[in-house]
2 protein chains.
Amino acid sequence: MARTNELRLITRITQMYYLEGLKQSQISAILNISQATISRLLKRAMDENIVRITINVPRGTFPDLETGLRERFGLKEAIVAECGEDREESILSAVGDAAAHFLSTTLNDREVIGISSWSASLLRMVDSLHPLKRVKAARVVQILGGMGNPSVQVHATHLTTRLAQLTGAQPQLLSAPGVASSIEARRALLADGFVQATMDEFRDVSLALVGIGAVEPSRMLATSGNVFTPEELQELKDSGAEGDICLRFFAADGTPVRTPLDDRVISISLDELKGADRVVGIAGGARKDRAIKAALLGGYVDILITDKFTAGRLLGEPAGT
Amino acid sequence: MARTNELRLITRITQMYYLEGLKQSQISAILNISQATISRLLKRAMDENIVRITINVPRGTFPDLETGLRERFGLKEAIVAECGEDREESILSAVGDAAAHFLSTTLNDREVIGISSWSASLLRMVDSLHPLKRVKAARVVQILGGMGNPSVQVHATHLTTRLAQLTGAQPQLLSAPGVASSIEARRALLADGFVQATMDEFRDVSLALVGIGAVEPSRMLATSGNVFTPEELQELKDSGAEGDICLRFFAADGTPVRTPLDDRVISISLDELKGADRVVGIAGGARKDRAIKAALLGGYVDILITDKFTAGRLLGEPAGT
DNA sequence: TAGCGAACTGAATTTTTATTCATTGCTGCA
DNA sequence: TGCAGCAATGAATAAAAATTCAGTTCGCTA
C-alpha cells in the first residue's frame, strides 16, 4: 500500500521531469517537496527501472561492433564505418572518410602527428580531410620512408605535406626509402642530418596514424616497385609474419617477427610506436583480416578505424546490414 | 557521409553518457571535444530520437488515467488509486489511503486545512494517516456542520480534531448542525460566537479536503438521521441537483443549484471554497460517478483523488487491470 | 571579391542537479 | 523506559550541465 503510493509519486515525478520537461525545482514547487527529495526520487526511479533509457541506433552506425572490438581487443576506441559493399574500393572510401572525421574532431592543439606513408587508407583519409578550421596546429612527422620508385616517393611526400598543410602543421619529411638496399645502405642513409632529425622526432609523436599491411603482395606494393622480392616475402611468411605496421612485422599472435629485413627498413620501430599517446590503425578489407587481428592482439593500436564487414569478421559475427 | 560520421559520434557519446555513465567532462576529456559541445550533441541526440526515454509504469499506478483526468477536466492534479474490486468498501480504503499519502507528502507549513465532516472517504483518510513527522503545523477548520444525530456529531468532531492532532494543528470546530431545521434556526445558530469565529476562518482555508456527495440517500446519510426528507431529496432532484460538496448542490454541468435548502445549510459556500489555494476532492464509487463528474465540470475541485474504476468511467474508458 | 548572415565553437557563466551535512524521529533491543 | 543505530529530510553546498557570449569560418550574394 504505502509502497504503491510511493511508486505512484515517483512515477508522477518521473513523468513531470522526463515527459513534461519540468525542472526539479518546478516540480518541487508544485508538489511541495524539496528539490533534494525530487532528485532522490528520480534516482530511485532509475534504480527501480521506472525510467528506461534506450539508445536508438541510427542507420549506418554500429555501436555494437565498436563495443565488441573495444572489449575483445582492449582498444581505447573503435570506429566502424558504414560501407556499401565488401570490396577494396568501397572500404577504402568509407574508412578514409571515417578517419578524416575522427582526425578533425579529436585532434589536439600542439599535437605531433606521425603518419606512415604507404597506406591507401591514409591517402583516402587525407583526401577527404577538410582544412581544419579551429586553430589546431602541430607537426606532422613521416614515420616510414618513401618508396624506391620515385612515383610513390611523391605519394609519400604528398601525404605528409598535405596533412601538415590541412592541419596547419610543420611537415617533417623522411627523405629516405622505406627499405634500403642493404644494411650498409641503411647506415649510410641514417647518417644524413635531415633523416636523423626526423627520426629523432619519432619519440615525440603523440598521435600516430598507421595503416596495417598484410603479408602478400598488395596492389599498391605490387605496382610500386619491387620492395621485396618474392623470396623475401616467402621468407617473411616462413618466419610466421602475418602483418606489418610501417614495415615492422608481427606474427598472428602479435609477437614481433625479426628478420634480416628489419635491418634495412627505415621507419619507426614498434617500441617507439608504443610510446605515442594514441596509435590509430586504419585498415579494412578481407585481405587484411589476419593482419589486423594480429596487430590488435599485439596491442600496437589504441584506436582502430575499419569498416563494418571487417569489424564483423574480426568479431566472428556476421556484419550488420 | 559527413552526416553518418556525425551520427556515429553522437551515438557514441550517447552510449558513453547514458550507458557507461560517464560525465560530460570525462567524455570531453576522452574525445578532446569541449564539454559545451558534448552537451549540445547530447541534446541533438534527444532531438533526433537517438535516446529514447520511456517510463515503465509500475503495477498499481495509473499515470494515463491521471493525465486523462487532468487534461479532460483541467485539474491541477489527479490521483488514481489501485483498488481490488469496484465496491464501496474497497474503494473507500484505496482512496482514503491515497489521500492520506497525498496529505502527508504535500502539506505545507502553516497551512490552514478545511475539512468537510460528512465523508466516509475523509474518515478513511484520517484513519490511515500517520502522525506527520516533519514540523508540519497549521490549523484545521471544520467547514461543514455536524449532523443532527449526536452519534455522527461525534464523527465529525472526531474527524476534525484527529486531523488537527495528526498534523500538529489547532482544531477549529463548527459546533452547529450541517442542516438547521429552519432559516430562523440557522440565523440563531450563526449568532453564536464560536460558530461565527469558525465561519470567519472559511476565507483563510488554503487547503480544503472535501468529499463529493451524490443526490440520493447514501448509506451514511441514511443511517445518520433524517437530514433530508424524501420530499426534500425529490425537490433537489427535480431542480436538477446531481451532487454536492459540503451540502452545496450543483447540476450535472456543474452550475450551482439554489434551493430553499441552501438557507438552512451551515457550511462553506462554493464561492468561498474557490478561494482556497487547493481544493482536494476525495471520492469514488459508481454511485457517485455523476456527482463527481458534475463537480469536476463545475471546477470546484483542483485535485481529485479517486480509484481506478471510477477514473476509468469518468473518462469513458475501461479501467486498467 | 568584398560583405553579410548563418552556423559553430570554446571559455565563461548561469542554471540545474546531486551530494553533504546536521537534525530528527522512529525501531528494535536491553 | 531509555538509548543506539538507521532512515529520511531540507538547507547548504558542491558538482555537473546548459547557455550566453564573443569570436570564427563558410557559403552566398551583390
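Chain A is the first sequence line, chain B the second, and so forth, proteins listed ahead of strands; every chain is numbered from 1. Everything numeric in this text was worked out from a predicted model, so none of it was measured.
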Could you give the [atom1]-to-[atom2] distance, from [X] to [N], as a whole number of Å?
X	N	atom1	atom2	answer
His130(B)	dT9(D)	NE2	P	14 Å
Gln24(A)	dT17(C)	CD	P	5 Å
Lys23(A)	dA18(C)	NZ	C1'	16 Å
Arg40(A)	dA7(D)	CZ	P	14 Å
Ile38(A)	dT16(C)	CD1	C1'	14 Å
Leu22(A)	dT16(C)	CG	C1'	13 Å
Tyr18(B)	dA16(D)	OH	P	16 Å
Gln26(B)	dA17(D)	CD	C1'	13 Å

Distance-only side-chain donor-acceptor flag, Thr37(A) / Ser34(A), under 3.5 Å:
yes

Exercise: do Arg8(B) and Thr11(B) side chains pair donor with acceptor under 3.5 Å
no

Looking at dT17(C), I'd like to know if its phosphate oxygens (OP1 or OP2) sit under 4.0 Å from a side-chain N or O belonging to Gln35(A).
no

Taking 4.0 Å as the cut-off, does a side-chain nitrogen or oxygen of Thr37(B) come that near to OP1 or OP2 on dG10(C)?
yes

Expected list for residues 42-54 of chain B near DNA chain D, using heavy atoms below 4.0 Å, is Lys43(B)

My understanding is that only residues two or more places apart in sequence, or in another chain, count here; which of them pass ring-ring contact (aromatic ring centres under 6.0 Å, His included) with Phe102(B)?
none

Just grab all the salt bridge (charged side-chain N to carboxylate O under 4.0 Å, His left out) pairs involving residues 272-283 of chain A, residues at least two apart or on different chains.
Glu111(A)-Arg278(A)

What residues, two or more places apart in sequence or in another chain, satisfy side chain to side chain contact (heavy atoms under 4.5 Å, CB included) together with [X]?
X	value
Arg72(A)	Lys293(A), Leu315(A)
Lys43(B)	Asp47(B)
Val57(B)	Thr61(B), Pro63(B)

Using heavy-atom distances to pick each residue's nearest nucleotide on DNA chain C, tell me which of Ser25(A) and Pro131(B) is more 5'.
Ser25(A)

Mapping Ala36(A) and Ile33(B) to their closest nucleotides on DNA chain C, which lands nearer the 5' end?
Ile33(B)

Kindly point out which of dA17(D), dT9(C), dA11(D) is positioned nearest to the side chain of Tyr17(B)?
dA17(D)

What does Ser39(B) touch in the nucleic acid at a heavy-atom separation under 4.0 angstrom: a base, only the sugar-phosphate, or nothing?
base

